Amino acid sequence: MAKEEEAVEVSEAQIAVHWREEQYYQPSAKFVGQANAADPAIFERFKEERFPECFKEYADLLTWDAYWHTTLDTSNAPFWKWFVGGRLNASYNCVDRHLAGSRNKAAIIWVPEPESEETKAITYQDLYTRVNEVAALLRDFAGVKVGDRVTLHLPMVPELAITMLACARLGAIHNQVFGGFSGPACGERIADSGSHILITMDGYYRNGELLDHKVKADQAVARASQDGVTVDKVLVWRRHEGQYASQTPMIEGRDFFMNELLPTYRGAVIEPVSMPAEAPLFLMYTSGTTGRPKGAQHSTGGYLAYVAGTSKYYQDIHPEDTYWCFADIGWITGHSYIVYGPLALGTTTVIYEGVPTYPDPGRPWRIAERLGVNIFHTAPTTIRMLRKVGPDEPSKYNYHFKHMTTVGEPIEPDVWRWYHDVVGKGEAAIVDTWWQTENGGFLGSTLPALQPMKPGSCGPGVLGVYPAIYDENGEVVEAGSGRAGNMCIRNPWPGIFQTIWGQPERFVEIYYRKYCRDKASTDWHDWPYFAGDGAVQAADGYFRILGRVDDVINVAGHRLGTKELESAAITVSEVAEAAAVPVLDELRGRAVEMYVALKPGIQASKEIEDKVSMAIETEIGKMARPKNVWIVSDMPKTRSGKIMRRVIAGISNFTDVGDITTLANPEIVEDVRHHVQSEKVARGEVPRELTTQEAAEIRAFGQAE
Ligand code: WTA
């Protein structure tokens, strides 16, 4: 690691010392009285001496076709295997086994975005029928077999959950790509996963508009084919029966309407395929340190056990609850805590199609009131937005949450308090759950009835998970020291992803190389998991997550890799070099700013700035659109030619740029600063002063490259 980057570490740690401690909040007696985990004996059951056998308790929430013989097999470290010898089917566990007791209870309640359209309840019986019919279609019409990858690019409709469960029923690996991703981004993920089937929908509602979604399927198929993978069939769900929401034609022999094929499979029953516990259940692509997205591969047994267990204890889900997780199923939160966890526990899960503020900021609370939602789960970005546009709306509606979750980004204590006092009406227990796509389920959280809440901190490690903060030399940063370091997990857990699809070396390199004590070891103690987040641990053991230490920018909970943004920017022919940095954003947490240098002889223009924004929207998706594109004469660089992102991140955020004496071109820093900051002043875009926590994050940005 270069000198100038070491210097950053020290200052980051010093900054941390000045953080203010927040007051604890206690859950209500009413909540504690009904909680799934209310007896402190649970901590005994999950203490480190009981690892890994403690996780039998989670696995026993599932129905197994064959019980496992080995809880954790570490022989091929760090490719951990959980519940080895066990067999099960995820769709059976989420659907069939609930029929006997809950046949006519709602499994899914779907709320379309237009309020004029009817809310639909899908009972467990309906879900069973529909999953079977879709599984029959996939098997007999599309030829889907065990182990095949099937890419889904679906919006927030029940067909998404149904299609996932149908794949799981067949032992096929679903690969849902977030609906907001562009066609080309979907195509890259199709190619990387080697899928020959794409399942999409003609259109969906977003902010009052019926979007054409099928058009993206055509672009996706074209990109996949450029990348060497042919899509044989595109299966298209229809948003409205008998109508077609897209402008693009259906391609003869390739594109088929699901709704037209399904009658052939009416009443079909497909035996769930009994899968080994360690068979992959799905891929979830996420961003990382290179331009190529990483397909996090999740297992069947370990994953399902982990999401069922954490849903039960941390989400406090009881079968009679009405649970609403306001995330997108296209992200890991939706897979684990809209679909698999809640359905494995046989509860009612709500799926909402649209945006939180459509048609007005009272919408979520109307939905909660009408459906009797009692568990609510969302991200800080949504909370910030609802607070901004409708701070008094919750009090106008008669709903009562017993429990609420925040996930995906650090939450400011102030925002947390609004969530608690206004949304939760002071009644709901809150969990701030820290985890990642790679993790399958929660890693850091309070156990809601047993550990008090502290705004801005996720809490300690969850049951059976033992985190530690390490410094750059692998020494533990002690709780209460006030120093920041790298968030790590010392042990494996059942929800951990199995590998990066097709790139096992990168899996080891990114997550395990940094702190591995002995590459030849098959003892899990030698393989701490490196999460890529900076954190500090208070004396009470609670962790406060600072944000990414690698080059990932978390925009409104969407993980964007700087390399992906930069590759998109340089598809613009005038651009020679590009760098992406995070900038503080009051609503989205962070936004992206792009810095670009042009090829020799090309004049800066608004047109080029717009082209860069468009290129990012086309290559990745609208959610990645930069807040600003700055055309600069040169980038601050190290002597080895590396762009110093932390320097430009400092400029964008009006914070200290740190030591620049070791740069190859220190004189450029003042030029760029003047250009960008005077323009920002003119536009009224000067951010509020950063908290020490935020400043530490900006200074650490790009450090782990
Ligand atoms: C961040 C989302 C603070 C973190 C489940 C992590 C959080 C990244 C929290 C993973 C939280 C997630 N507090 N930061 N409660 N939860 N993060 O893969 O930086 O989309 O590494 O998974 O989000 O994002 P991902």
Side-chain angles (χ1 to χ4, degrees), residues 176-178 180-181 283-289 293-296 298 306-307 310 314-315 325-338 340-341 377-384 404-413 415-416 419 430-446 453-462 467 484 486-489 495-497 500 510-511 529-537 542-561 582 588-590 623-624 693-694 696-697 700-701 704:
Q176 156 70 7
V177 176
F178 170 58
F181 270 122
L283 303 181
M284 170 65 62
Y285 278 84
T286 189
S287 297
T289 37
K294 306 180 285 194
H298 283 281
Y306 197 69
V307 297
T310 50
Y314 287 91
Q315 296 293 282
C325 172
F326 203 156
D328 196 291
I329 298 175
W331 302 113
I332 192 69
T333 300
H335 273 49
S336 301
Y337 299 111
I338 297 178
Y340 285 113
H377 184 158
T378 194
T381 289
T382 307
I383 305 170
R384 287 184 211 110
M404 304 194 304
T405 301
T406 167
V407 63
E409 310 154 62
I411 184 164
E412 300 79 359
V415 176
W416 190 99
Y419 195 40
I430 297 184
V431 291
D432 177 348
T433 58
W434 168 75
W435 59 299
Q436 313 172 302
T437 303
E438 295 89 335
N439 308 152
F442 306 143
L443 292 184
S445 172
T446 51
M453 312 158 230
K454 190 161 80 173
S457 297
C458 65
V462 297
N486 291 319
M487 189 71 181
C488 294
I489 309 295
I496 179 75
F497 70 140
I500 299 175
I510 297 172
Y511 302 95
Y529 168 83
F530 169 71
D533 275 322
V536 68
Q537 190 179 24
Y542 281 29
F543 292 96
R544 187 162 179 166
I545 305 298
L546 304 182
R548 305 288 310 190
V549 295
D550 56 7
D551 50 5
V552 168
I553 306 178
N554 189 338
V555 179
H558 303 309
R559 238 169 99 168
L560 304 171
R588 293 178 291 170
R590 302 289 172 272
M623 75 283 184
Q693 175 174 342
E694 290 157 351
E697 178 201 325
F701 187 69

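Note that the coordinates shown come from a computational prediction; the quantities given were computed from them, not determined experimentally. Atoms within each ligand, like the ligands themselves, are counted from 1 in listed order.
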Met404 versus Tyr419: any side-chain heavy-atom pair under 4.5 Å?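 A side-chain contact exists here, since the closest heavy-atom pair is under 4.5 Å.
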
Checking contacts here: is it the side chain or the backbone of [X] that comes within 4.0 Å of ligand 1, counting heavy atoms only? Could be both or neither.
X	value
Arg559	side chain
Asn554	side chain
Cys458	neither

Given [options], which has its nearest heavy atom closest to [atom]?
atom	options	result
atom 18 (O) of ligand 1	Thr433, Asp550, Thr437	Thr437
atom 13 (N) of ligand 1	Met284, Glu409, Glu697	Glu409
atom 16 (N) of ligand 1	Pro380, Gly408, Gly589	Gly408

Ligand 1 atoms in contact with [X] (distance to a heavy atom under 4.0 Å):
X	answer
Thr333	5 (C)
Ile545	3 (C), 14 (N)
Asp432	11 (C), 13 (N), 15 (N)
Arg548	6 (C), 19 (O), 21 (O)

Identify, for atom 6 (C) of ligand 1, the protein heavy atom at the shortest distance, and state residue, atom and that distance. Asp533 OD2, 3.1 Å

For atom 2 (C) of ligand 1, find the nearest protein heavy atom and state the residue, atom name and distance (0.1 Å precision). Trp435 O, 3.8 Å

Check: Tyr337 ring centroid to Trp435 ring centroid under 6.0 Å: yes

Pair Trp331 and Phe178, ring centroids less than 6.0 Å apart: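 Yes, the ring of Trp331 comes within the 6.0 Å limit of the ring of Phe178, centre to centre.
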
Between the side chains of Tyr529 and Gln436, is a donor N or O closer than 3.5 angstrom to an acceptor N or O? yes

So His377 and Phe442, would you call those rings parallel, tilted or perpendicular, with 30° and 60° as cut-offs?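 Taking Phe442 first and then His377, their aromatic rings sit tilted (interplane angle of 30° to 60°).
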
Working note: Arg590 + Glu409, criterion salt bridge (charged side-chain N to carboxylate O under 4.0 Å, His left out); need CA distance, chi angles, decisive distance, verdict. CA-CA 9 Å; Arg590 302 289 172 272; Glu409 310 154 62; over 6 Å; no

Could you walk me through whether Arg548 and Glu697 pass salt bridge (charged side-chain N to carboxylate O under 4.0 Å, His left out), step by step? CA-CA 7 Å; Arg548 305 288 310 190; Glu697 178 201 325; over 6 Å; no

Verify salt bridge (charged side-chain N to carboxylate O under 4.0 Å, His left out) between Arg559 and Glu438, making sure each step is shown before the conclusion. CA-CA 12 Å; Arg559 238 169 99 168; Glu438 295 89 335; 2.9 Å; yes

